[in-house]
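A quick write-up on the structure given underneath.
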Amino acid sequence: MILFLRRWGAVSTGAPTVAIVAAAYLLTLSVIERQGLWQSDNENKLLQVQAILDSGGSDFSLPWPGKSLDPQFEYNPIPFPFSQVEDDKLYSVFSPVFALVSAVPYALFGQTGLYVLPLIASLVMLVGVGRLADRINTGEARQSSTVPRHVAVLLAALGTPIWFYSVAFWEHTIAVCLCVWSVCFLVRHLDRGGRASLVGAAVLAAIGVYFRDELYIFCLLICGGAAYSRSGPAVRKGAEALCVMVLALLPLWLFQWYAIGHPFGFHLGAHLLTVDGVLDHLVTRPQLMFNMLVSSTPYPLISFILIVPFAVALALRPRELENPRVLRVIAVSLLSAAVSLAGYLYFDSPIWYMLHSANSLFAVAPFIVLGLLRWQSDNSDHALARHCVWLIMVGFALLYVLAAPAYGSRGIHWGNRYLLLVYVLGAVLAAGPIVAAFSAEGSKLRALPAIIGLIALSFGAQLYSLQVLDDKKEL
């Protein structure tokens, strides 16, 4: 791993900044409650880990002590859709792979071991963030200024919900890490060609599915990104990536067939691959789109109003920092996010506010509006790579809304945990405009106060989330 990162320029790709972030994460873990868990999903995954250890890895079902009194599992403590009964056994619907790999640090370090993999994955991901920021902001990394990489790493690490999920028992940061490095390989392939980079992008995207089954969507986007390659026919490149992914996914399908009886997992295999499931799925799309992308307060009309500046940035993508339209978008985005986040202070319970404001994609990290903007000439050397990253970010969000199950769109979540990749790629894309704003002169400086406000609000929101996390886990 060290030789791999050295070859990819890890030492010159923000490693000191990553070390600072590592210290911040470790300090966070040292002061927050580690024995409690954030919500029932985490508890469900812990039951998986304990069941695997108790059975020596031979049984992935969850123990149900009341089975003798309730052989039909009608009163089991983990009801549908969070569990599934198969062959008179109770199974969690979550990835058995994450539980399996988490069992080792849990066996070694107890409850503290649950946080080892999420934290390490975040740090490895941040190395990829620095590398990606180099490539899309200045083309060849070795010819670049080092500033964008450090800005991107700090934004992704301390200005997005990545901080929160790095110190929570969840597989999200592992999945995002794999996605970020997959995009790194893809961008390298677009820049230099070569089959090795394409294979790397495809394999890492496929391994992401081992942890989060919605990343089948991401795999499709990587195949589409491969079609951008100048080194061969688009269809052939996409097909090559798809074939590699299928080969990389075969072990997962065989393992899940053995472990839970469903090669594609419970989410996909048991629900969406039926006619009734598809019809029910389509009916819920409008509500899911609202929950995922719009809802940031308990009041739908206010949420629609607050999303306007982000929608404008996405639809129009104005370019120059001195453009009055850009200034208005940035300033109104800051105000919009501040109004949404103020609800956490106004209402008595932050948990109640989370439950009634869905996932608040933009509100908890408003600086990503800068990643939606165009800020350089479309003819620049790195425009293709930057445009590809932008399309993956936006495409993943939109395709997820079309594909995701409806029942998980509300819950006790900090930010939109399903779209963590959007936050990270948004940080990579926003690094360039931020660096440009701080080095601007004359009329371009007018955007600087609002940009500083977006960054400060994003950072403050993450600090607040950690306080909420600690309070909730102490209950």
Side-chain angles (χ1 to χ4, degrees), residues 38-41 44 78-84 93-94 161 165 170 172 212-218 220-221 265-315 333 336-337 339-341 343-344 347 349-366 368-369 372 393-423 426:
W38 168 244
Q39 52 125 296
S40 59
D41 284 5
N44 193 327
I78 312 173
F80 179 86
F82 304 105
S83 69
Q84 189 87 8
V93 298
F94 297 119
Y165 292 103
W170 240 319
H172 286 293
R212 298 288 306 180
D213 51 16
E214 69 264 22
L215 293 185
Y216 281 110
I217 298 169
F218 180 77
L220 295 178
L221 292 169
F266 286 117
H267 281 149
L268 186 63
H271 302 309
L272 294 185
L273 298 184
T274 65
V275 174
D276 291 340
V278 170
L279 292 177
D280 292 341
H281 184 80
L282 293 176
V283 169
T284 61
R285 293 310 89 190
Q287 182 63 52
L288 187 75
M289 180 172 288
F290 174 79
N291 289 346
M292 290 280 107
L293 303 178
V294 178
S295 181
S296 61
T297 75
Y299 310 105
L301 179 59
I302 295 177
S303 293
F304 274 114
I305 293 173
L306 297 181
I307 199 64
V308 168
F310 300 95
V312 169
L314 178 62
S333 297
S336 170
V339 170
S340 175
L341 291 171
Y344 283 102
F347 290 94
S349 168
I351 303 302
W352 182 93
Y353 193 71
M354 285 181 185
L355 286 168
H356 291 81
S357 59
N359 291 287
S360 307
L361 173 63
F362 296 104
V364 300
I368 63 173
V369 71
L372 301 176
M393 178 183 73
V394 175
F396 183 73
L398 295 180
L399 288 178
Y400 182 85
V401 167
L402 294 177
Y407 58 77
S409 63
R410 285 185 179 273
I412 306 175
H413 310 153
W414 174 249
N416 195 320
R417 65 184 179 91
Y418 303 107
L419 299 181
L420 279 185
L421 179 62
V422 173
Y423 292 115

Non-hydrogen atoms of [X] and [Y] that approach each other most closely:
X: G411; Y: L355; value: C-CD2, 3.6 Å
X: M292; Y: N416; value: O-ND2, 2.9 Å
X: P309; Y: S336; value: CG-CB, 4.1 Å
X: V93; Y: Q84; value: CG1-N, 4.3 Å
X: S409; Y: N291; value: OG-ND2, 2.9 Å
X: A313; Y: V369; value: CB-CG2, 3.6 Å

ask   = Is the H413 to Y418 ring centre distance short of 6.0 Å?
value = yes

query = With ring centroids as reference points, do W170 and F94 lie under 6.0 angstrom apart?
reply = no

Atom [atom1] of [X] and atom [atom2] of [Y]: how far apart are they, to the nearest 0.5 Å?
X: I302; Y: S357; atom1: CD1; atom2: OG; answer: 12.0 Å
X: Q287; Y: S295; atom1: CD; atom2: OG; answer: 8.5 Å
X: L420; Y: H172; atom1: CG; atom2: NE2; answer: 6.0 Å
X: N44; Y: I78; atom1: CG; atom2: CD1; answer: 4.5 Å
X: L221; Y: L398; atom1: CG; atom2: CG; answer: 10.0 Å
X: Y400; Y: L419; atom1: OH; atom2: CG; answer: 7.0 Å

request  = Describe, in one word, how the ring planes of H356 and W352 are oriented to each other, choosing from parallel (under 30°), tilted (30 to 60°) and perpendicular (over 60°).
outcome  = parallel

Y353 and Y344 aromatic ring geometry - parallel, tilted or perpendicular at 30°/60° bounds = perpendicular

inquiry  = With side chain to side chain contact (heavy atoms under 4.5 Å, CB included) as the criterion, how do V339 and L306 come out once you've worked through the C-alpha distance, each side chain's angles and the decisive distance to 0.1 Å?
reply    = CA-CA 8 Å; V339 170; L306 297 181; 4.0 Å; yes

Quick one, [X] and [Y] - any side-chain contact, counting heavy atoms below 4.5 Å?
X: F362; Y: I368; answer: yes
X: Y299; Y: L301; answer: no
X: L361; Y: F310; answer: no
X: F290; Y: R285; answer: no
X: S303; Y: S296; answer: yes
X: L399; Y: Y216; answer: no

